[in-house]
> 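Right, I'll just put the structure down here and ask away after.
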Amino acid sequence: MTTGPLNDPASGPTTVSATGLTLRYGGTRALDAVSLELTRGVTGLLGPNGAGKTSLLRVLATAVPPDSGAFTVLGHDPSTTKGRLAARRTLGYLPQTPGFHPDFTAFAFVDYVAILKELTDRAARHREVRRVLEAVDLEDVRGKRIKRLSGGMRQRVALAAALVGDPEFLVLDEPTVGLDPEQRMRFRELVAEAGEGRTVLLSTHQTEDVAMLCHRVVVLTHGRVRFDGTPAELTARAAGRVWVSAQRDPGALAGWRTGTGTFRNIGEPPTGADLLEPTLEDGYLLALDGESTEVTA
């Protein structure tokens with residue numbers, strides 16, 4: 001796991017605090033009384049499709065207000081106009097589907113975001129745009145139109161836009177979706193660097209992203225927090241509950257054939273089972289099973 005002196009949940013004060021966040025879309029409750037506290041470093045947000053991850057990120061990024069509950073970002077209360085503006089000045093947001101204008105160059109797009117972030121001095125703003133493009137290793141293609149960039153480069157343009165103004169709170173929604181392994185590795189490096197000295201909330205389906213980047217993981221299902229703790233604590237929940245067999249065990253919660261031809265099973269092992277060392281993914285699958293009610297490790 002990539003860690004640093006600030007990637008420790010006990011290393012600093014709470015920077016983002018949420019209590020009882022509830023959000024509905026028609027008859028669907030996307031968030032159901034979600035409470036959590038964030039500190040500096042990278043926190044991973046795991047959950048299946050429809051779990052409420054994007055809804056939670058949109059609320060914390062002040063893109064939509066919650067129906068009930070309260071939260072603060074770096075001490076600012078977004079329920080007031082003054083607090084919302086102050087909170088937005090401290091955060092950077094990379095949505096799951098960034099709204100690129102394909103005919104913009106990388107520089108022009110990030111410059112446009114910088115204008116929206118109230119960087120009004122042209123010379124200073126352009127220095128900032130060049131800085132963030134260099135930070136994500138795009139200085140050589142800053143004049144290229146976005147429609148001519150690869151998927152990985154487009155994601156880096158979106159990250160550069162989120163980094164404008166050196167925000168203290170960075171919200172990243174599925175930033176590695178669609179990237180090949182090499183691109184994911186590079187993006188992980190960028191996120192790890194961003195997490196030094198900042199609060200980063202990273203929503204992902206990739207348990208390996210969490211294992212490599214995060215000091216903490218929150219599992220969300222059906223709009224509720226099912227687990228909140230360290231990756232090691234989530235992995236430990238699967239200890240003694242993963243085993244190998246020649247055939248898929250019908251009593252297993254989940255089981256699949258591995259590259260060796262044997263089956264990896266998760267659940268309650270039979271007597272005498274050949275137990276395996278658990279992984280973060282194993283602990284995550286057990287958390288999703290719903291056999292554990294809301295847990296704070």
Side-chain angles (χ1 to χ4, degrees), residues 1-4 7-9 36 41-53 172-192 195 200-222 224-297:
M1 187 188 309
T2 300
T3 60
N7 280 357
D8 181 340
L36 77 164
V42 184
T43 296
L45 183 63
L46 285 172
N49 289 331
K53 302 189 304 298
L172 308 177
D173 194 356
E174 300 284 357
T176 61
V177 166
L179 302 187
D180 63 35
E182 183 178 357
Q183 291 170 337
R184 283 205 306 273
M185 184 181 301
R186 174 58 180 150
F187 212 85
R188 286 171 185 162
E189 292 176 353
L190 295 172
V191 173
V200 179
L201 183 57
L202 168 68
S203 173
T204 181
H205 282 95
Q206 306 287 339
T207 54
E208 60 265 34
D209 286 347
V210 173
M212 292 184 178
L213 288 171
C214 302
H215 75 266
R216 178 179 166 201
V217 57
V218 175
V219 177
L220 203 66
T221 62
H222 303 294
R224 295 182 178 181
V225 173
R226 291 293 182 185
F227 177 88
D228 184 350
T230 68
E233 289 166 340
L234 182 56
T235 300
R237 293 179 62 79
R241 304 184 68 185
V242 185
W243 69 100
V244 64
S245 62
Q247 302 291 330
R248 187 191 187 284
D249 193 317
L253 169 67
W256 58 91
R257 187 188 297 273
T258 68
T260 64
T262 58
F263 281 76
R264 184 183 183 91
N265 303 281
I266 302 173
E268 293 299 333
T271 302
D274 187 4
L275 297 178
L276 297 175
E277 191 71 20
T279 66
L280 179 69
E281 184 175 50
D282 297 328
Y284 169 56
L285 290 173
L286 287 172
L288 291 185
D289 181 44
E291 52 187 43
S292 59
T293 55
E294 185 168 335
V295 173
T296 300

> To check you understand the geometry: which heavy-atom pair defines the closest contact between A238 and G283, and what is its length?
CB-N, 3.8 Å
> If you define the side chain from C-beta out and look only at heavy atoms, does anything of V217 sit under 4.5 Å from T230?
no
> Nearest 0.5 Å, what's the CG-CG distance between L220 and D228?
10.5 Å
> CD of E208 to CE of M185: how many Å apart, nearest 0.5 Å?
11.0 Å
> Under the 3.5 angstrom rule, does the side chain of K53 hit a backbone N or O of P48 as a donor-acceptor pair?
yes
> If I compare all heavy atoms of G267 with all of W243, which pair ends up nearest, and what's the gap?
N-CZ3, 3.4 Å
> Salt bridge or not for R237 and D282, using N-O below 4.0 Å?
no
> Nearest 0.5 angstrom please: L46 CG to Y284 OH, how far?
5.5 Å
> Where do A287 and V219 come nearest, in terms of heavy atoms and distance?
CB-CG1, 4.2 Å
> List the steps and the verdict of side-chain contact (heavy atoms from CB on, under 4.5 Å) for R188 and D209.
CA-CA 7 Å; R188 286 171 185 162; D209 286 347; 2.6 Å; yes
> Tell me the closest heavy-atom pair linking A273 and P269, and the distance in Å.
CB-CB, 3.9 Å
> Between P175 and S203, what is the shortest heavy-atom contact and its length?
CD-O, 3.6 Å
> Hey, is the main chain of N265 close enough, under 3.5 Å, to the side chain of D249 for a donor-acceptor pair?
no
> Going from NE2 on H215 to CG on L213, what distance comes out if it is rounded to the nearest 0.5 angstrom?
12.0 Å
> Given the rule in the side-chain contact (heavy atoms from CB on, under 4.5 Å) test, do T279 and R264 qualify, once you have shown the distances and angles that lead to the verdict?
CA-CA 12 Å; T279 66; R264 184 183 183 91; 3.7 Å; yes
> Check residues 251-258 and write down every donor-acceptor pair under 3.5 Å in which the side-chain atom is one partner and the other belongs to a residue at least two apart or another chain.
from : atom 1 : to   : atom 2 : distance (Å)
R257 : NH1    : G261 : O      : 3.2
T258 : OG1    : T260 : N      : 3.4
T258 : OG1    : T260 : OG1    : 2.9
T258 : OG1    : T262 : O      : 3.1
T258 : OG1    : T262 : OG1    : 3.3

> Quick one: side-chain contact (heavy atoms from CB on, under 4.5 Å) partners of T235, sequence neighbours excluded?
P278, L280
> To the closest 0.5 Å, what do you measure between OG1 (T43) and CG (L202)?
9.5 Å
> Please give me the minimum heavy-atom distance between V210 and G44, naming the atom from each residue.
CG2-CA, 4.3 Å
> Roughly how far apart are Q206 CD and E281 CD, rounded to 0.5 Å?
9.5 Å
